Asker: 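I'd like to ask some things about the structure below.
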Amino acid sequence: MSLSRRCAETLIDLVEIKLSCLEVTDREDMREKELLLRCVQELNAELRGENGTAAAFAAPKRRGRRPKHLQFQDLHA
């Protein structure tokens with residue numbers, strides 16, 4: 001993705017404003033907060049000249065129970 005520096009900085013400002021206004025009251029709000037934090041990380045990566053989608057970030061939390069076919073060793077290897 002190719003954004004000008006000014007556009008990327010403006011988008012970061014807008015996302016940070018949204019984050020500051022967000023009140024986390026349930027799981028949906030927490031997911032939205034995590035998504036917005038990821039957006040800021042990707043935009044910062046773009047500003048550094050990296051590919052924002054390929055940058056290494058913490059994996060998002062899973063919803064629900066883990067599948068029965070996955071063993072404990074597979075998850076923690």
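Here, residue 1 is the first one in the sequence, and each next residue gets the next number. Small disclaimer: the values here were computed from a predicted structure and weren't measured.
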Asker: Please enumerate all residues that pass side chain to side chain contact (heavy atoms under 4.5 Å, CB included) together with L19, with sequence neighbours excluded.
Answerer: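 Residues passing side chain to side chain contact (heavy atoms under 4.5 Å, CB included) with L19: V15, K33, L36, L37, V40.
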
Asker: Who passes salt bridge (charged side-chain N to carboxylate O under 4.0 Å, His left out) against R6, sequence neighbours left out?
Answerer: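 None.
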
Asker: Look up atom CD in E9 and atom OG in S4, then write down how far apart they are to the nearest 0.5 Å.
Answerer: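 It comes to 8.5 Å.
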
Asker: Run the numbers on R38 and E42 for salt bridge (charged side-chain N to carboxylate O under 4.0 Å, His left out), then give the verdict.
Answerer: CA-CA 6 Å; R38 170 76 185 214; E42 286 187 20; 2.7 Å; yes

Asker: Which distance, rounded to the nearest 0.5 Å, do you find between the CZ of R48 and the CD of E46?
Answerer: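 Answer rounded to 0.5 Å: 10.0 Å.
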
Asker: Under a single-linkage definition using a 4.5 Å side-chain heavy-atom cutoff for Ile, Leu, Val, Met, Phe, Trp and Tyr, are L11 and L47 assigned to the same hydrophobic cluster?
Answerer: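 Linked, L11 and L47 end up in one cluster.
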
Asker: Taking the basic N atoms (NZ, or NE/NH1/NH2) and the acidic carboxylate oxygens, is any pair closer than 4.0 Å for R31 and E28?
Answerer: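 Yes.
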
